[in-house]
Amino acid sequence: MAKLVFPKEFLWGAATASYQIEGAWNEDGKGESIWDRFAHTPGTIYENQNGDIACDHYHRYEEDVELMAEIGLKAYRFSISWPRIFPEGRGKLNPKGVYFYEKLIDKLLEKNIKPAITLYHWDLPQALEDKGGWLNRDTAKYFSEYANFMFYKFGDVVPIWITLNEPFVSAFLGYAWGWHAPGKKDMKGAFVAGHNMLLAHGLAVQAYRDGGYKGNIGITINVATVYPETNSEEDLKAAEKQDAFGNRWFIDPIFKRKYPEIIWRILEENNWSFVFPASDFDIISSPIDFMGINYYTRNIVAYDKNSHLGVKRVEGPNEHTDMGWEVYPDGLYDILIQLYRDYKIPIYITENGAAYNDTVEDGRIRDINRINYLKEHIKRAYFAIRDGVDLRGYFVWSLMDNFEWAHGYSKRFGIIYVDYNTQKRILKDSAYFYKKIIEENGVDG
Ligand code: BGC
């Protein structure tokens, strides 16, 4: 039996996102999303791949839920494709899109798997992008209308709601650096987009509360523990800035009703600051039930006089995954302790996992490196609980190999292998490893 045993109600799950797995990009009345548009633009994605078919989950969801049940998942985190529900972003509803999620949720409940819904995992309806996307403050209002509909429809049967997945990534990779949809390169715009996302989050939380639903609502933030390269004053300052920008920019407004000042000053120096009604913070800070965190790696930083932030990344010495990300499990422990100390809120690890270049041998995937990754991180999750953190659950990224954004299908994060030619799924060794963890509600020390 496992030596490190988790609390009885601990929620073991796996996560996915609509654009990364569903496919059926233009079926049954679905509207175009910014990811459809972006991936159809030559030169944006590895080998010009796209999510048109992806894992074909839209047609294979039953088989996929069966696999979840085989692994023994207690919860499944997935996202809703907003343009499947409202093809134009607002107004006319698409009943067939709603029906797809209804069938998926029914199937999950039938298998005793708790649905955890992410309302926004980056696939904004293109029709709203045409009106300015997240740069347009009205998008926040449209998001809350869409969210409100989803609550009304599924609020009684879905116990966990996540408003946004990683607003940092949608704002900066999408609007400042152009690596993600909608592919814009405008630093000030990214800050504005991020603010409107926070507003969208707050309005949705208010709608959820107004509806009197019994479940829990929160937001998912990508975090990376920050360590200074040296203890020099300059490096320590760089680490403080990186933490404020990379981790706290989207958390402090929710819990502290303000943006980190150390970064706001940089916005002012660069003419990136923007104006908004102070009352926005009343909305943004609407109380939430939990914080979701996605943790993959850490950040070592040093002072860099040539960057706006005054910060440069330094590579760590440990093994790196196929994404080029350093494996650093202690960073998960450290960030859990830090976040719980600073915000005193129940936490879910809504994503954690690793991409490795898996190979199938005799029908089997011996992904020892992924097993080690998961094991070491799950151990740190246990230590954090032992040391007082109110950690409620852990979701592996990802249930299955899928469309890894700008990397297309070249990076495999799944505990289930997907053969994209045949759509055949194979449970990797890591899936069996995870199954055992769930069965024993713990991990060996
Ligand atoms: C995202 C996922 C993504 C994963 C690995 C997270 O940033 O939420 O959609 O696939 O990291 O890159």
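As the structure lists them, so they are numbered: ligands from 1, and atoms in each ligand from 1.
- Between Phe191 and Phe274, the distance separating the two ring centers is not shorter than 6.0 angstrom.
- Closest protein heavy atom to atom 12 (O) of ligand 1: Glu404 OE2, 2.6 Å.
- Between Trp122 and ligand 1, not a single N/O pair is under 3.5 Å apart.
- Between Asp330 and Arg380, at least one side-chain N (NZ, or NE/NH1/NH2) sits under 4.0 Å from a carboxylate O, which counts as a salt bridge.
- Under a 4.0 Å N-O distance rule, the pair Glu9/Arg392 does not qualify as a salt bridge.
- Using a 4.0 angstrom heavy-atom cutoff, Asn165 counts as in contact with ligand 1.
- Between Arg84 and Glu22, at least one side-chain N (NZ, or NE/NH1/NH2) sits under 4.0 Å from a carboxylate O, which counts as a salt bridge.
- At least one heavy atom of Trp325 sits closer than 4.0 Å to an atom of ligand 1.
- Expressed to the nearest 0.5 Å, how far CZ of Arg37 lies from CH2 of Trp25 amounts to 9.0 Å.
- For Lys411, no heavy-atom contact with ligand 1 is shorter than 4.0 Å.
- For the pair Asp358 and Arg366, the salt-bridge criterion is not met [side-chain N within less than 4.0 Å of a carboxylate O].
- The ligand atoms of ligand 1 that sit less than 4.0 angstrom from a heavy atom of Asn294 are 8 (O).
- Each of the atoms 1 (C), 2 (C), 8 (O), 9 (O) of ligand 1 lies under 4.0 Å from some heavy atom of His121.
- No part of Thr220 comes within 4.0 Å of ligand 1, judged by heavy-atom distances.
- Ligand 1 has no N or O atom lying under 3.5 Å from any N or O atom of Asn402, backbone or side chain.
- Protein heavy atom closest to atom 1 (C) of ligand 1, with residue, atom name and distance, is Glu351 OE1, 3.3 Å.
- A 4.5 Å side-chain heavy-atom check between Asp64 and Arg425 finds at least one atom pair inside the cut-off.
- If you check which protein heavy atom lies closest to atom 7 (O) of ligand 1, you get Glu166 OE1, 2.6 Å.
- A salt bridge does not link Asp28 to Lys30: none of the charged side-chain nitrogens sits closer than 4.0 Å to a carboxylate oxygen.
- Of all protein heavy atoms, the one lying nearest to atom 4 (C) of ligand 1 is Tyr296 OH, 3.4 Å.
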